[in-house]
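Structure first, then comments.
So that the names make sense, note that chain A is the first sequence line, chain B the second, and so on, each numbered from 1.
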Amino acid sequence: MCGILAVLGCSDDSQAKRVRVLELSRRQSFLYLFVLKHRGPDWSGLYQHGDFFLAHQRLAIIDPASGDQPLYSEDKKIVVTVNGEIYNHEELRKRLVNHKFLTGSDCDVIAHLYEEYGENFVDMLDGMFSFVLLDTRDNSFIVARDAIGITSLYIGWSLDGSIWISSELKGLNDDCEHFECFPPGHLYSSKLGGLKRWYNPPWFSEAIPSTPYDPLVLRSAFENAVIKRLMTDVPFGVLLSGGLDSSLVASIAARHLAGTKAAKQWGPQLHSFCVGLENSPDLKSAKEVAEYLGTVHHEFHFTVQDGIDAIEDVIYHIETYDVTTIRASTPMFLMARKIKSLGVKMVISGEGSDEIFGGYLYFHKAPNKEEFHRETCHKIKALHQYDCLRANKSTSAWGVEARVPFLDKDFINVAMAIDPEWKMIKQDEGRIEKWILRKAFDDEEHPYLPKHILYRQKEQFSDGVGYSWIDGLKAHAALHVTNKMMQNAHNIYPHNTPSTKEAYYYRMIFERFFPQNSARQTVPGGASVACSTAKAVEWDAAWANNLDPSGRAALGVHLSAYNEQHQAASNGNVVPMPSNIIDNIPRMMEVGSQELEIRG
Amino acid sequence: MCGILAVFGCIDSSQVKRSRIIELSRRLRHRGPDWSGLHCHDDCYLAHQRLAIVDPTSGDQPLYNEDKTVVVTVNGEIYNHKELREKLKNHQFRTGSDCEVIAHLYEEYGEDFVHMLDGMFSFVLLDTRDKSFIAARDAIGITPLYMGWGLDGSIWFASEMKALSDDCERFVSFLPGHIYSSKQGALRRWYNPPWYAEQIPSTPYDPLLLREAFEKAFGQKAGRNGGGGNGWAGKAVLKRLMTDVPFGVLLSGGLDSSLVAAVASRFLAESKVACQWGSQLHTFCIGLKGSPDLKAAREVADYLGTRHHEFHFTVQEGLDALEEVIYHIETYDVTTIRASTPMFLMSRKIKSLGVKMVISGEGSDEIFGGYLYFHKAPNKEEFHQETCRKIKSLHLYDCLRANKSTSAWGVEARVPFLDKEFIDTAMSIDPEWKMVRHDLGRIEKWILRNAFDDDKKPYLPKHILYRQKEQFSDGVGYSWIDGLKDHANKHVTDSMLMNASFVYPENTPTTKEAYYYRTIFEKFFPKNAARATVPGGPSIACSTAKAVEWDAAWSKNLDPSGRAALGVHAAAYDEPVDAKPANLLNGSPQQLQESVVKTATVV
């Protein structure tokens, strides 16, 4: 990942003089480019045209030698600063036959596409990206963010009339009067003076699709998504937690690595990485998968204290106070540092599968296929605030780039066109969550994964790294937050009031780094059960009555308990530590659980 | 390099304090991006940010002795750790880290073991049995270390000032070659080599001995006799080539860096590192496009057959980096900032190639009197004493620059010229031999040049071996310093400069450039104590205040241009550099603000 920052000044005539005087000092204030340096440790670039500034911190993945940014069109009239990867850049270059490219960078095509097609080219880009493009001929500019929001982007407005664009909130929060998340799949055009959505796939309207499930179509769509992402000029690896999603990614990457340019440069053996407390479930499952696939596997152990010591850093980097995002980001953040220290700059990761296929356990209770489908759509649309944000910022904190093949545009289209009847959990037919994905890779002749891995239900991330992690976080928060503080929480934090000491503790840290009202509002809140949207809370009357139940509180849907699981001695209403109940990251919830039992 | 931070005896030992220590330690993370560690024992904290060079997989810090009663946090490299481990036969080691020996040496020998360490280091050691602690810094101050005192009675140690400046009431730069012991409550010098007394030595110059001493700073080749002895001959022993990660050499094309590259590439062919990282040496050079250094370095790289990387920067890129440079290197010394900026930019590029360690040529000009003002040394006694003074103040200038500019990006710089044994050898030579004698054809650093003048197996072509080269800031391109001055002129007005003595009564800046740097420095480090860590005083072309007396003309014009001539450069650079005789200085000049004089006489 790279870091971008742009200040697009108003060219109001009455201001013109003042702006010119400010020009020099502006350049100075630009040194808080500084704050985005972690995203792109390899080089900085700053371009100035009048009162337009485009700045860039580069992490060199493609063409490290010549691709420093900003990038230009042939006549240098068009300037672009980009964070991201354009996977189909070679194909696009071929279409732009009469254009001369100044670098080998994949992002170079953006300036040329604009020259050729004007503002309506964003849909042609296949990849993850956010960029600012300045047309110096008429001082117009456009800003765009990828379809799902894999890369992070914020937009802000300053009192002097300038518009600010930054990869992270910390790049603009001090200077803008108001700022927000730049919506994914959108384009800001200075000519229009507003945002418009460029991403308009069939699933977006949330109409119920009817294409029958074809395992081979789904398989090849996903394989293509992984293969595309093997494009790199630097060492890379796979994040492997041992769950279904990351194991599939690793399996496909290992299979297709041979013969790629990356393999020639960095060896044909895939590197895989896993993090956990010592003896954690993830470490064990990942090792099993790594052994099966024959990857060069790296295990990182951290202690609860290591994690707690990192919390402030994590919140500063990921810019949220969402409890489950912080819980899950911390191990990822620690791991990214170790990965970087091995010289690896890019990793492929499994985010997005649970949203597309309804992999969260609460989907078991979806009343019908329509509700099921709409919930998956909502989940995908909200990804940029949760898992995309976590994956991108936890790794970028150390100059590591995360690529997410499940969020490939083509793959999403294929997966979201399938009749959702097939995604529904049918215990009577032996279909557990994400069954259509599992089935698609169930190849007897050339198995991608051993059957027991392909069909296993696994820990959600924060539990998978070790059960004592979350207990440790809670205990630590309890040291900092008193009962009295909790009583006044709604007075101090009227917006998204923290309901647990843990949430309160994170909130305090967040507010210290990002005290502005706008910052608070970039983080989502609302009712949720085990990661659901507010809407899905209605699926079960018991949930709606208990609007903030524990993530660990059971939905009664997990088929098999994890082997070394502390046995849940359920007496009465209390369910102690059934931490294997949730299969992905629960959000904004806590509190004791009631009236729910564990089966199996 | 790594970053260390240690605090002893703070009144508050709550969770809040722990968070604070972590926050402060984070300010050193650029030095050690690979991992963080914190050891907490009652009111004592030892924090560490690690750059993993030796034993990346297990050597995370803090390090412990066998029973974990002794805790140590170290920044540096102990080159003779294997030899020391052999002496500690009955000790069980937990990691493969070179720094682990420190805890065990302490157990074995108490506080008096620091002189046994061969390397560059600063460390803090806590003995939890009686809660005593020691802190020490290497002989010359290659690694940085600061010491401070909090109002609550706490004592602080940190690799960089930025980690303790906010929390300490007073702080100082920790003296090189010293140890602080809590039992004695004071500093004492552990480094006590023969040259320290500044007496005039009389050993005659032996070229081969000098050459060998320099080569030994890199290591000893397998099967080579002579030197080393006690069981080590016959086995390759690596010193500055000891690494488990990719490395390279900073090559400006001048004598010193070229010798470093020549010796390193000879070694590489036969050593363990070659197996891991390929037998071709990587070399790095930075400059504005078309700069003298780039050309000179390329020539040397071609001759040695290294894998050479050239980095170009623009004046604007350098200017944009200035604030960061000053934040990182923590000085307002003009020539240090000028020279640090290109080095800082280059380090970022080096790191982006995956290289974590570089070998560099600092120290030679101090040991051999390589600065051009040495031409005017009145006699060998004065000459020698000046070299001693220069070595003693290296930690404030070139060591500080080399260490902090590279550490800013998690790159470690090693400096073979500052090998303890090499210094002893070079400083025991009768200084008569170091004197510049045009009548005998001896230019500056002649004894070093002559030592590597091997006709049979030449280290370097003769014209490179005997050439006089640009000083660093000029070598990167002449317009760099002009660009800096222009930029400063835009920010500092005449009236600001006129009032400089009131605004900055200590070390008052005398040029707009100096004033500009000073404002940036004060912004980051506003305390009096910070200001006092930076040296000042009269100087001519890098000389100490004492040497200003060598020429009456100098003392009358106390702050002349670095480019202002001493009339001593023997040959102009090949391509005549039009109006700018920038080639007059042969090292980085210190504490000079050039202003007016742009004339030079070339002899």
Side-chain angles (χ1 to χ4, degrees), chain A residues 23-25 27-34 37-38 40-48 55 57-61 64-65 68 234-235 266 298-303 305-306 308-313 316 334 336-345 397-399 476-477 479-480 505 509 512, chain B residues 14-16 18-23 25-26 29-30 32-40 47 49-53 56-57 60 245-246 309-314 316-317 319-327 345 347-356 408-410 487 490-491 519-520 523:
Chain A
E23 243 174 50
L24 260 172
S25 57
R27 180 133 218 155
Q28 279 311 308
S29 70
F30 246 80
L31 284 157
Y32 54 121
L33 264 185
F34 237 66
K37 204 163 67 181
H38 53 271
D42 294 344
W43 203 242
S44 322
L46 173 59
Y47 171 87
Q48 182 191 354
Q57 296 285 347
R58 181 172 191 224
L59 178 71
I61 304 272
D68 287 345
V234 298
W266 306 107
H298 306 265
E299 266 187 11
F300 304 122
H301 301 170
F302 74 105
T303 63
Q305 188 64 56
D306 286 335
I308 287 171
D309 284 348
I311 287 286
E312 293 205 6
D313 244 352
Y316 174 74
L334 295 172
R337 186 176 190 180
K338 284 287 191 187
I339 288 173
K340 181 65 178 217
S341 83
L342 295 170
V344 170
K345 284 177 160 186
W398 299 105
H476 179 73
L479 291 177
H480 284 80
Y505 176 64
I509 298 172
R512 184 150 53 83
Chain B
S14 65
Q15 272 294 332
V16 179
R18 186 184 175 95
S19 313
R20 178 66 184 162
I21 304 285
I22 290 167
E23 196 183 319
S25 173
R26 198 182 298 144
R29 191 148 72 192
H30 51 273
D34 294 344
W35 202 243
S36 319
L38 174 61
H39 179 91
C40 188
Q49 301 283 348
R50 182 174 188 220
L51 178 72
I53 304 272
T57 44
D60 287 345
V245 299
H309 306 264
E310 261 185 18
F311 305 120
H312 302 161
F313 75 107
T314 62
Q316 188 61 58
E317 281 173 314
L319 295 176
D320 283 346
L322 273 182
E323 291 214 5
E324 259 185 293
V325 168
I326 292 171
Y327 174 75
L345 295 172
S347 300
R348 187 175 190 180
K349 284 285 190 189
I350 288 172
K351 181 65 177 217
S352 83
L353 294 169
V355 170
K356 283 178 160 184
W409 298 103
H487 181 70
K490 283 185 202 151
H491 284 81
T519 54
I520 299 172
K523 189 172 64 172

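- Using a 4.5 Å cut-off between heavy atoms, H298(A) does not touch chain B at all.
- Looking only at distances, no side-chain donor or acceptor of K356(B) sits under 3.5 Å from a matching main-chain atom of G343(A).
- In this structure, chain A has a heavy atom under 4.5 Å from the side chain of R26(B), while its backbone stays farther away.
- Contact of the I308(A) side chain with the R18(B) side chain is not registered, since no non-hydrogen atoms from C-beta on lie closer than 4.5 Å.
- Side-chain atoms of Q316(B) and Q48(A), non-hydrogen and from C-beta on, never get closer than 4.5 Å to each other.
- Contact annotation for L334(A): both backbone and side-chain heavy atoms come within less than 4.5 Å of a heavy atom of chain B.
- Once rounded to the nearest 0.5 Å, the distance linking CD of Q57(A) with CZ of R348(B) reads 4.5 Å.
- In this structure, the portions of L345(B) lying under 4.5 Å from any heavy atom of chain A include both its backbone and its side chain.
- Ranked by non-hydrogen atom pairs under 4.5 Å with chain A, the options A52(B), S36(B), S19(B) are led by S36(B).
- Going from atom CZ of R29(B) over to atom CH2 of W398(A) covers 3.5 Å, rounded to the nearest 0.5 Å.
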